[in-house]
Amino acid sequence: MPDALRSRLVLSDYETDPITLAKRLIGCTLVRIIDGEELAGKIVETEAYVGVKDRASHAYGGRRTARNEAMYARAGTAYVYFTYGMHFCMNVVCGRVDEPVAVLLRALQPIRGIPVMQFRRGPRCRRQADLCNGPGKLCQALGIDRTLNRIDLTTSDHMWIEPDTPVPTTTARMVQDRRVGIASAGLWANRLLRWYSTESDCVSVLRKQR
DNA sequence: CCTGCGATCGTCT
DNA sequence: GACGATCGCAGGA
């Protein structure tokens, strides 16, 4: 498709609160251009990090360091960080400048560039559904690393997000659940700030039955 | 299905 | 010096 006919989310789409954006992003398409090739996946799982009061957030208590500086930038900025000595995770910054709120992308359903994703993920990853079903996995599959930290998703030629068209995914087609991997966040670990599509087999962690 | 563990290193205390 | 918004594998039920 010619670039001129492709739409992407714009500043006003990102200038909202993280809960609204986390739900809005479900069904949208993350596009990554790397080595002249396009990789794309449908966003099927997100988490909201809701500001300085959120104990699970890197910006808890107003912490502001070189690592999390992107969280304080303009909405539509990518916040990519390195963790556990080997993985990257990608967030989409939202809210106002100097208000550290963001949405973590946790899983994608692969759409385009699947052979490249398989190569980047390595031979140990056999199932297509496992290519991008985790925040570290999707960054590995799409080649998202610290060079993309702080890029502007509304203007970048390397990565952007396209809207969920023609009909945005509604909350009726989403599961709302606790966030993953933040057990030490006290009461904030129980907040229902994760959303995932009921219609994808590429979600990282399913809700426990009760 | 589930739980536990090691890998590996940048970041912050 | 400790820990982490993770992952893949091993082992047991």
Side-chain angles (χ1 to χ4, degrees), chain A residues 17-19 21-23 25-26 30 41 43-73 77-95 99-110 117-150 153 161 175-196 201-210:
Chain A
D17 65 276
I19 291 174
L21 183 65
K23 293 184 280 192
L25 289 179
I26 298 292
L30 178 66
I43 297 167
V44 297
E45 181 180 352
T46 58
E47 284 179 357
Y49 285 83
V50 299
V52 297
K53 62 185 183 293
D54 182 353
R55 193 165 158 195
S57 171
H58 291 167
Y60 175 62
R63 283 197 307 264
R64 183 168 185 167
T65 66
R67 176 177 71 149
N68 71 1
E69 183 61 29
M71 295 188 79
Y72 292 83
T77 298
Y79 169 40
V80 179
Y81 68 92
F82 183 66
T83 191
Y84 288 102
M86 62 191 93
H87 300 296
F88 291 97
C89 293
M90 176 190 165
N91 293 255
V92 180
V93 175
C94 54
E99 178 195 17
V101 289
V103 174
L104 173 69
L105 302 187
R106 284 199 56 90
L108 308 177
Q109 179 146 329
M117 293 186 198
Q118 286 171 332
F119 176 78
R120 301 192 69 92
R121 287 277 287 121
R124 327 198 76 88
C125 180
R126 319 225 159 162
R127 302 170 48 224
Q128 188 168 309
D130 292 335
L131 284 173
C132 301
N133 63 346
K137 297 179 193 178
L138 76 87
C139 285
Q140 185 180 26
L142 273 61
I144 297 170
D145 61 21
R146 66 181 97 249
T147 67
L148 296 182
N149 187 37
R150 301 185 72 169
L153 295 168
I161 297 174
V175 175
Q176 185 176 3
D177 195 10
R178 303 212 273 245
R179 294 176 291 182
V180 176
I182 55 164
S184 63
L187 294 174
W188 283 92
N190 292 324
R191 296 283 301 274
L192 304 180
L193 292 173
R194 181 168 68 105
W195 290 266
Y196 64 84
D201 60 346
C202 298
V203 170
S204 69
V205 179
L206 298 179
R207 181 169 61 193
K208 287 188 181 167
Q209 327 207 39
R210 58 187 91 113

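Order of the sequence lines fixes the chain letters, A, B, ..., with proteins taken first and strands second; residue numbering starts at 1 for each chain. Just so it is clear, the structure is predicted and the values come from calculations on it, not from any experiment.
Looking at heavy atoms from C-beta onward, A/Leu25 lies out of side-chain contact with A/Trp195 at the 4.5 angstrom threshold. Looking at heavy atoms from C-beta onward, A/Val80 lies out of side-chain contact with A/Asp145 at the 4.5 angstrom threshold. A/Tyr49 is not listed as a side-chain neighbour of A/His58, based on a closest heavy-atom distance of 4.5 Å or more. For the pair A/Gln109 and A/Asp201, the minimum side-chain heavy-atom distance is below 4.5 Å. Within the 4.5 Å cutoff, no side-chain heavy atoms of A/Leu142 are placed close to those of A/Met90. In this structure, the side chains of A/Val203 and A/Val175 stay at 4.5 Å or more apart for every pair of heavy atoms. You'll find the side chain of A/Asp17 stays beyond 4.5 Å of the side chain of A/Val101, heavy atoms only. At a threshold of 4.5 Å between non-hydrogen side-chain atoms, the residues A/Leu131 and A/Lys137 do not count as touching.
Across residues 85-94 of chain A, A/Gly85, A/Met86 each have a non-hydrogen atom less than 4.0 Å from an atom of DNA chain B (numbered order). Within residues 50-64 of chain A, the residues approached by DNA chain C to less than 4.0 Å at the level of any non-hydrogen atom are A/Ala56, A/His58, in residue-number order.
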Return one dot-bracket line describing DNA chain B 5' to 3' (Watson-Crick or G-U wobble pairs, both distances under 3.5 Å; ( ) same strand, [ ] crossing, | another strand, . none).
|||||||.||||.
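Using a 4.0 Å heavy-atom distance criterion, A/Arg106 is classed as a sugar-phosphate-only contact. If you check every strand for non-hydrogen atoms under 4.0 Å, A/Ser184 touches sugar and phosphate atoms only. Base engagement by A/Leu104 is indicated by at least one non-hydrogen atom pair under 4.0 Å involving a base atom.
Comparing A/Tyr84 and A/Asn68 by the nucleotide of DNA chain B that holds the closest heavy atom to each, the one mapping nearer the 5' end is A/Tyr84.
Looking only at distances, no side-chain donor or acceptor of A/Glu47 sits under 3.5 Å from a matching main-chain atom of A/Arg106. Using modelled atom types, no side-chain atom of A/Asp54 and backbone atom of A/Gly51 make a donor-acceptor pair closer than 3.5 Å. Formation of a donor-acceptor pair under 3.5 Å by the A/Ser204 side chain with backbone atoms of A/Gly134 is not found in this model. Within the 3.5 Å criterion, the main-chain N or O of A/Asn68 finds no donor-acceptor partner in the side chain of A/Arg63. A donor-acceptor distance shorter than 3.5 angstrom exists from the side chain of A/Arg194 to the backbone of A/Val205, with no hydrogens or angles considered.
Remark: C1' of C/dT6 and CD of A/Glu47 are 12 Å apart, rounded to the nearest angstrom.
Using a 4.0 Å cutoff to heavy atoms of chain A, the contacted part of DNA chain B runs 5' to 3' from B/dA7 to B/dC12.
Residues satisfying the side chain to side chain contact (heavy atoms under 4.5 Å, CB included) test with A/Phe82, not counting sequence neighbours, are A/Phe88, A/Arg146.
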All N/O contacts under 3.5 Å from nucleotides 8-12 of chain C to the protein, with atom names and distances to one decimal?
| from | atom 1 | to | atom 2 | distance (Å) |
| --- | --- | --- | --- | --- |
| C/dG8 | OP1 | A/Arg121 | NH1 | 2.7 |
| C/dG8 | OP1 | A/Arg121 | NH2 | 3.1 |
| C/dG8 | OP2 | A/Lys137 | NZ | 3.4 |
| C/dC9 | OP1 | A/Arg124 | NE | 2.7 |

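Within 6.0 Å of the CG atom in A/Leu206, the count of heavy atoms belonging to other residues, nucleotides or ligands exceeds 12.
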